[in-house]
Amino acid sequence: MDKKIIVLPFDKMIEKFVPISPKLVEPVERFAALDLSPVAVRPESAMYKPLMDALNHEWLLERYVVRATPHKSDSNVASAEKIDGGLYPPGYVPEEKDRTDWGTMEIGIECKTEKVSHDPVQELQANLQPVAVERRRVLGQIMSYAALVFDNQHRTHQFSLILFGTMARLARWDRAGVIFSEAFDYVKDPTNIARFLWRYVRMTPEQQGHDTTATKVQPNSLEHNLVLERAKNPLMIGGHKVGEHARREFAKSTRDARWFWKLKVFDGKKAREFLVGRPHFIAYGLAGRGTKGFVAIDVNNPQGPLVYLKDVWRVAHPRMRREGDILAHLRGGPDDTPVPDIPTLICHGDVGDQITRSKEIWKEQNPDASEDKCPLKTHRHYRLVMKEVGLPISEFQNGCELVYLILMAIRAHKGAYEKGVLHRDISAGNVLISIVETVSPQGEYSMSRAVLLADWELSKFVNDEDSGPRQPGRTGTWQFASAAALADLSKKIDVADEMESFFHLLLYLSIRYLPHNIDNVGKFVEEYFDGHMMSKANLEYYGGYVKANMMLVGRICYPKKDLRFLDRPPPPKPEPPVPSVASASSSKGKDTEYLGNSHRINKIFGTMLTWLSALYRLNEERLASSQGTRPEPTSSREPTENAIWKCLDASQKARMSDIMASILPASAKRNRPTEESSGGEAYRGSEVPWIRPDERKSLEELAAKLSSHDEVLRLFAVHLYEQRAPGEADWDPEDKVPDQLPPDYRPGDERSTYRSTLRTSQVPSGGAAVRSDGEPQRKKLCTDPLRSDSRPTRSRARG
């Protein structure tokens with residue numbers, strides 16, 4: 001919760017956020033008579049029963065109940081986390097003793113025994129962040145509990161109560177940050193806890209933090225039966241099943257769901273309604289956009305195609321346009337040429353006046369601070385409905401199709417840029433596979449796989465007159481952001497940064513799903529994609545050394561060998577024999593690396609690394625210190641247009657032919673990437689020498705290629721078509737291997753729980769990222785930008 005903590009006096013906090021009806025009179029004398037002294041005992045488990053006994057009175061809570069739930073996790077939620085206790089509304093008290101229920105809990109209550117070391121706020125620190133390890137752990141713990149409430153309820157905000165020793169704090173959470181009350185001694189003065197609870201149970205649902213535009217579908221109603229019917233029965237058009245990938249995901253979202261929901265989308269003055277089950281995707285994080293994705297039924301067209309509904313807390317800034325407005329601009333009017341391969345807008349709108357208030361309080365406490373000094377943002381609740389329900393990019397069929405899909409995404413990026421919009425958030429969750437199905441009037445069915453470049457919320461108009469940042473922090477997704485953006489908080493994102501993000505995306509997918517010579521994929525992903533450093537000077541996080549250095553030298557060398565993609569996986573290593581003195585001495589130096597044939601994708605990486613190295617050498621000229629040799633050139637070969645056809649479907653082949661005709665005319669085919677820009681065999685980069693005067697022009701020409709969509713498109717297209725070299729495998733329709741990232745992968749530090757203000761990197765906002773493995777969409781403490789059950793650590797910020 002970096003720089004997103006605010007502390008208010010208890011009285012001011014409760015008057016501002018826990019109002020009382022003017023018709024009610026508080027029983028102040030009964031508040032003061034409440035005895036909470038038996039609660040402040042050791043061990044922690046001894047606190048639960050006295051707390052329930054003290055609070056469960058009808059005069060105080062009416063029909064609400066405080067229930068201790070420290071031992072059993074919620075059976076409806078994949079997370080094993082459980083909280084010490086909670087306040088539950090009438091009719092929703094957990095039936096099973098001691099079991100947490102994140103879906104109905106009104107207020108989370110956490111008990112600790114130490115009044116100093118268990119305080120989650122350190123008020124002597126300038127940013128109120130705890131420094132002591134135990135305090136940080138407690139803060140991370142209650143943050144994860146608040147996130148689970150947001151994940152499992154439709155909420156605008158929520159409250160929680162933490163007791164530590166004889167002290168306590170009230171907390172109010174919204175998508176901008178957290179407001180804590182000043183610590184108070186609840187044993188000496190029980191009035192604060194009693195006053196808060198008495199008021200809370202008498203507030204309206206809106207005041208309690210419930211989103212009243214989300215309503216439960218009543219069991220056995222017509223809408224309830226419609227949801228069950230659409231989950232079970234395929235959509236038939238012309239005698240053919242269509243949209244089955246969307247129906248399967250919708251069925252998973254309704255399976256074992258406690259409730260179905262009706263969500264309102266306010267498109268102008270009218271409200272449209274959509275029926276949903278569980279979110280198939282939840283972006284991990286507490287402060288931020290809090291994106292949830294749903295496959296939905298349009299109530300206006302109940303038997304029509306399923307659609308994708310995105311529920312998000314967008315940044316409310318006058319210079320940040322709503323995503324739906326951006327999509328409408330990119331689609332254009334009837335006389336405009338629409339940008340290809342982007343989501344199709346159905347409707348969108350802000351959700352009433354639901355807005356976060358943490359920034360408002362910060363500004364009241366800092367009246368003389370300028371806007372750019374405020375570390376918090378104002379978020380407004382927003383819903384967006386789109387036609388396409390997509391597949392995650394990880395569902396690519398083979399390496400050839402992966403390159404094709406990235407190429408098409410770059411083409412969509414180019415189309416948007418030509419309409420004056422820069423995407424600024426290329427990631428694994430925002431490049432999806434679109435299933436395009438048609439049924440002709442004659443009843444002939446066809447299906448093809450295209451790309452969908454989604455999530456345009458962080459995009460920016462190129463000609464924005466005010467070039468300054470629209471919000472604090474960085475733009476983009478941490479794992480795929482350029483090394484330059486991760487190194488500089490003020491970096492203005494440009495086309496070269498975006499092309500580098502496409503490079504990182506291609507590398508990320510390839511290292512997970514294509515054969516290569518790296519043994520420890522988890523360690524590579526942690527150091528290259530999740531790597532970070534924190535500055536002690538300003539407590540800001542910056543990109544790790546590994547990615548930055550590899551961009552500079554133009555090599556992916558890990559740990560002591562150049563990364564090389566292969567035509568087939570290396571054979572499993574045999575179990576080492578029991579060594580003897582003789583065998584140990586005779587076997588030295590005989591461990592050889594499996595070489596195999598070089599994969600076609602190596603040449604794309606090699607070329608782009610050469611361009612990236614040129615760019616970073618120019619940027620880091622004064623810092624470069626080591627010497628090396630120039631990349632060795634490779635021979636030139638004429639392209640062929642027959643090598644990839646066995647890997648693509650008919651529609652993909654037709655689109656590739658159009659691209660080849662548009663970006664590779666006959667003259668361009670002859671002027672293919674030069675020997676200098678090809679990079680030779682993959683990753684044959686160099687150490688970083690000082691730039692000599694005679695090579696400066698060459699480096700500038702290479703670096704400039706990253707600012708040209710056409711140059712990058714040409715690179716991808718040429719290497720898709722190019723005839724294979726000796727010792728190099730051709731495009732293989734069966735070169736994809738099972739995921740090589742360990743299923744329990746997580747970075748080896750505390751980021752997954754503590755730095756939860758940093759957003760997810762896999763938000764599939766232009767269409768649902770549908771998993772095909774049949775597993776439920778769950779979340780773990782990991783930073784996998786593709787898995788819908790992940791909790792990535794860093795992501796979006798600057799606008």
Any side-chain donor-acceptor pair under 3.5 Å between H423 and E498?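 There is no such pair between these side chains.
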Between Y404 and N398, a side-chain donor and acceptor under 3.5 Å: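 The answer is no; no qualifying pair exists.
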Min side-chain heavy-atom separation [X]-[Y] under 4.5 Å:
X: V431; Y: L405; result: no
X: L453; Y: D341; result: no
X: W173; Y: L286; result: yes
X: D311; Y: L309; result: yes
X: L505; Y: S427; result: no
X: H280; Y: F294; result: no
X: L563; Y: C557; result: no
X: M551; Y: H504; result: yes

Would a distance-only check, ignoring hydrogens and angles, find a side-chain to backbone donor-acceptor pair under 3.5 Å from [X] to [Y]?
X: T477; Y: Q479; result: no
X: S144; Y: Q141; result: yes
X: H516; Y: I511; result: yes
X: T69; Y: I83; result: yes
X: R564; Y: N517; result: no
X: N602; Y: H599; result: yes
X: E500; Y: M608; result: no
X: H245; Y: S434; result: no
X: S510; Y: L507; result: no
X: Q740; Y: R512; result: yes

Determine, stepwise, if the pair Y745 / D530 fulfils side chain to side chain donor-acceptor pair (under 3.5 Å). CA-CA 12 Å; Y745 165 74; D530 289 309; 2.5 Å; yes
For side-chain contact (heavy atoms from CB on, under 4.5 Å), just list the numbers for K603 and R600, CA-CA rounded to whole Å, side-chain angles, deciding distance to a tenth of an Å, and then say yes or no. CA-CA 6 Å; K603 291 185 290 186; R600 297 293 298 273; 4.0 Å; yes
Do you know the tightest heavy-atom contact between [X] and [Y]?
X: L486; Y: A481; result: CD2-CB, 3.8 Å
X: E401; Y: R449; result: OE2-NE, 2.9 Å
X: A485; Y: I493; result: CB-CD1, 3.8 Å
X: P569; Y: V737; result: CG-CG1, 3.7 Å
X: A231; Y: A251; result: O-CB, 3.5 Å
X: Y513; Y: P738; result: CD2-C, 4.5 Å

The test is side-chain contact (heavy atoms from CB on, under 4.5 Å); show your working for H532 and Y542 and say whether it passes. CA-CA 6 Å; H532 71 284; Y542 295 89; over 6 Å; no
Sequence neighbours excluded, which residues qualify as ring-ring contact (aromatic ring centres under 6.0 Å, His included) partners of F524? Y528, Y558
Determine, step by step, whether I426 and F480 satisfy the side-chain contact (heavy atoms from CB on, under 4.5 Å) criterion, reporting the C-alpha distance in whole Å, the side-chain angles of both residues, the deciding distance to 0.1 Å, and the verdict. CA-CA 7 Å; I426 303 303; F480 308 102; 5.8 Å; no
With sequence neighbours excluded, what pairs up with N76 under the side-chain contact (heavy atoms from CB on, under 4.5 Å) test?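 Partners of N76 under the side-chain contact (heavy atoms from CB on, under 4.5 Å) test: D74, R258, R278.
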Could you tell me which residues satisfy side-chain contact (heavy atoms from CB on, under 4.5 Å) with A496, sequence neighbours excluded, listed by chain and number? D494, L615, L706, S707
Just checking N520: does its CG atom have more than 12 heavy atoms from other residues, nucleotides or ligands closer to it than 6.0 angstrom? yes
Can you confirm whether more than 12 heavy atoms, excluding those of E96, are under 6.0 Å from its CD atom?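 Buried by this count: over 12 neighbours within 6.0 Å.
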When you measure from the centre of the six-membered ring of F281, is the NZ or CZ of K292 under 6.0 Å away and within 45° of the axis? no
Inter-residue atom distance [X].[atom1] - [Y].[atom2], 0.5 Å rounding:
X: L148; Y: K82; atom1: CG; atom2: NZ; result: 12.0 Å
X: E527; Y: Y545; atom1: CD; atom2: OH; result: 11.5 Å
X: N152; Y: T100; atom1: CG; atom2: OG1; result: 11.5 Å
X: K491; Y: S482; atom1: NZ; atom2: OG; result: 5.5 Å
X: L506; Y: I393; atom1: CG; atom2: CD1; result: 9.5 Å
X: F150; Y: R155; atom1: CZ; atom2: CZ; result: 8.0 Å

Inspect the contact between E134 and R136 and indicate whether a charged nitrogen and a carboxylate oxygen are less than 4.0 angstrom apart. no
Considering the options F529, W478, F503, which one meets the ring pair (Phe, Tyr, Trp, His ring centres under 6.0 Å) requirement together with Y508?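 Only match with Y508 under ring pair (Phe, Tyr, Trp, His ring centres under 6.0 Å): F529.
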Stepwise salt bridge (charged side-chain N to carboxylate O under 4.0 Å, His left out) check, K310 with D455: CA-CA 10 Å; K310 175 181 176 181; D455 198 346; 3.4 Å; yes
